[in-house]
Colleague: 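Please see the structure below; I have some questions.
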2 protein chains.
Amino acid sequence: MTRTQRKARADAMDVSEMALETLVGYNLKRAYVVLQNDYRAVMGDHGLSPRVFSALTFVVEMPNLTQSDLARRLGIERSGLVAIVDELEARGYLNRVAVPQDRRIQALAPTESGVQAYEAALALINEHEDRMLHMLNAEEREQLVHLLKKIREIGE
Amino acid sequence: MTRTQRKARADAMDVSEMALETLVGYNLKRAYVVLQNDYRAVMGDHGLSPRVFSALTFVVEMPNLTQSDLARRLGIERSGLVAIVDELEARGYLNRVAVPQDRRIQALAPTESGVQAYEAALALINEHEDRMLHMLNAEEREQLVHLLKKIREIGE
DNA sequence: TATTGTTATACTCTATAACTATA
DNA sequence: TATAGTTATAGAGTATAACAATA
């Protein structure tokens with residue numbers, strides 16, 4: 001019996017039976033939106049957006065990356081990174097430092113204030129994820145991250 | 001020992017040790033981008049976007065939904081749905097049908113062409129996901145969808 | 001008063017293409 | 001010739017606020 005024939009017998013389908021509900025992409029997007037909405041609420045209107053926080057993480061953890069390096073690690077275009085680095089510099093969280101050996105590049109150096117902002121934001125984000133994901137036990141949460149990393153690896 | 005003290009000993013950190021890498025939100029976003037890029041490649045420039053396909057699914061599987069109903073089920077605003085329904089109507093995949101009992105609403109009725117387009121798109125998307133997710137066995141894939149649904153449920 | 005569909009508008013995220021200064 | 005950073009620009013996707021028609 002085809003799907004169309006089944007539909008001829010009943011006008012509406014149970015949501016949980018829809019093929020859409022079994023798609024990984026659809027569930028990925030919906031789950032991300034749920035998490036993101038709470039992230040924005042926690043970080044506030046003037047807080048670091050997810051992408052700016054990600055960039056700051058790399059700058060703090062791997063000091064003196066170039067912008068091209070950082071763009072590659074974040075999986076975005078060089079051009080898109082400019083505004084992100086501009087914002088971090090305007091906040092006083094990093095400096096673009098000239099590199100004498102190659103005058104095309106500028107190393108991204110975190111400031112002390114940037115390190116502090118990173119640690120404060122990370123604490124808030126960890127609280128946010130712990131609260132949002134309380135229904136997952138430690139093993140489930142680890143498994144989820146593990147499976148998501150496997151998908152990420154395709155794109156490398 | 002704090003993170004900062006650790007950093008004092010080594011200039012660069014192993015990527016896999018970064019707190020960022022353990023965050024669910026970050027991994028969710030990165031995994032979604034990987035899947036989405038292939039989705040776009042498979043569906044082509046004039047194919048149905050993810051959100052338009054999702055909307056079409058509901059219209060086909062639950063005929064005669066109103067736009068307000070559909071927006072709620074998709075988790076978006078009514079205003080944002082207008083362009084989506086416009087596109088599906090322009091493609092000839094659905095009709096806005098007047099409802100005599102309540103002249104404010106218009107039921108969304110799939111056309112035969114809309115049902116066929118839905119089934120063709122679903123076949124492409126299933127192939128796409130099977131190919132992209134070949135590194136996950138059936139159990140892992142089911143577990144992933146299960147965990148994502150748990151996160152989605154928070155937002156309801 | 002409240003709801004439905006709609007428009008106008010703005011903001012975020014992201015990509016492409018072209019430029020400049022260096023290498 | 002190729003690369004790093006930058007600008008200009010455009011296109012998704014989404015939200016908020018206001019409106020007319022209807023309940």
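To find a chain, count down the sequence lines: A is the first, B the second, and so on, and within it residues start at 1. The model shown is predicted, which means the values in this text are computed figures rather than measured ones.
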Colleague: Measure the spacing between NZ of A:K29 and CG of B:L74 and express it to the nearest 0.5 Å.
Modeller: 10.0 Å
Colleague: Say whether B:Y93 and B:E87, considering side chains only, have a donor N or O and an acceptor N or O under 3.5 Å apart.
Modeller: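 Their side chains do not contain a donor-acceptor pair, so the 3.5 Å distance test is not met.
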Colleague: Among the nucleotides D:dA15, C:dT16, D:dT22, which one has an atom lying closest to any side-chain atom of B:E77?
Modeller: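 Shortest atom-to-atom distance from the side chain points to D:dA15.
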Colleague: Consider the side chain of B:T66, meaning its heavy atoms from C-beta on, and name the nucleotide among D:dG13, C:dG5, D:dA2 that approaches it most closely.
Modeller: C:dG5
Colleague: Using the side-chain heavy atoms of B:I76, tell me which of these nucleotides is nearest: C:dA23, D:dA12, D:dA15.
Modeller: D:dA15
Colleague: Please report, rounded to the nearest Å, how far the P atom of D:dG13 is from the CG atom of B:D86.
Modeller: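 Going from B:D86 (CG) to D:dG13 (P), I get 15 Å.
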Colleague: Considering only C:dA23, D:dA8, D:dT22, which nucleotide approaches the side chain of A:S79 most closely?
Modeller: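 Of C:dA23, D:dA8, D:dT22, D:dA8 is nearest to the side chain of A:S79.
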Colleague: By nearest atom, which of the nucleotides D:dT7, C:dC13, D:dA4 is closest to the A:V82 side chain?
Modeller: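 The answer is D:dT7.
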Colleague: Would B:F53 and A:Y26 count as a close aromatic pair, with their ring centres under 6.0 Å?
Modeller: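 No, they do not, as the ring centres are separated by 6.0 Å or more.
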Colleague: Does the D:dT3 base have a donor-acceptor partner in the side chain of A:R104 within less than 3.5 Å?
Modeller: yes
Colleague: Just N and O in the side chain of B:R78: are any of them under 4.0 Å from OP1 or OP2 of D:dT14?
Modeller: no
Colleague: Please tell me which of the listed nucleotides, C:dA23, D:dG5, D:dG13, lies nearest to the side chain of B:R51?
Modeller: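 Comparing C:dA23, D:dG5, D:dG13 against the side chain of B:R51, the answer is D:dG13.
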Colleague: What's the closest nucleotide to the A:D102 side chain, out of D:dT22, C:dG5, C:dA23?
Modeller: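 It is C:dA23.
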Colleague: Check B:R40 with B:D45, please: is the shortest side-chain N to carboxylate O separation under 4.0 Å?
Modeller: no
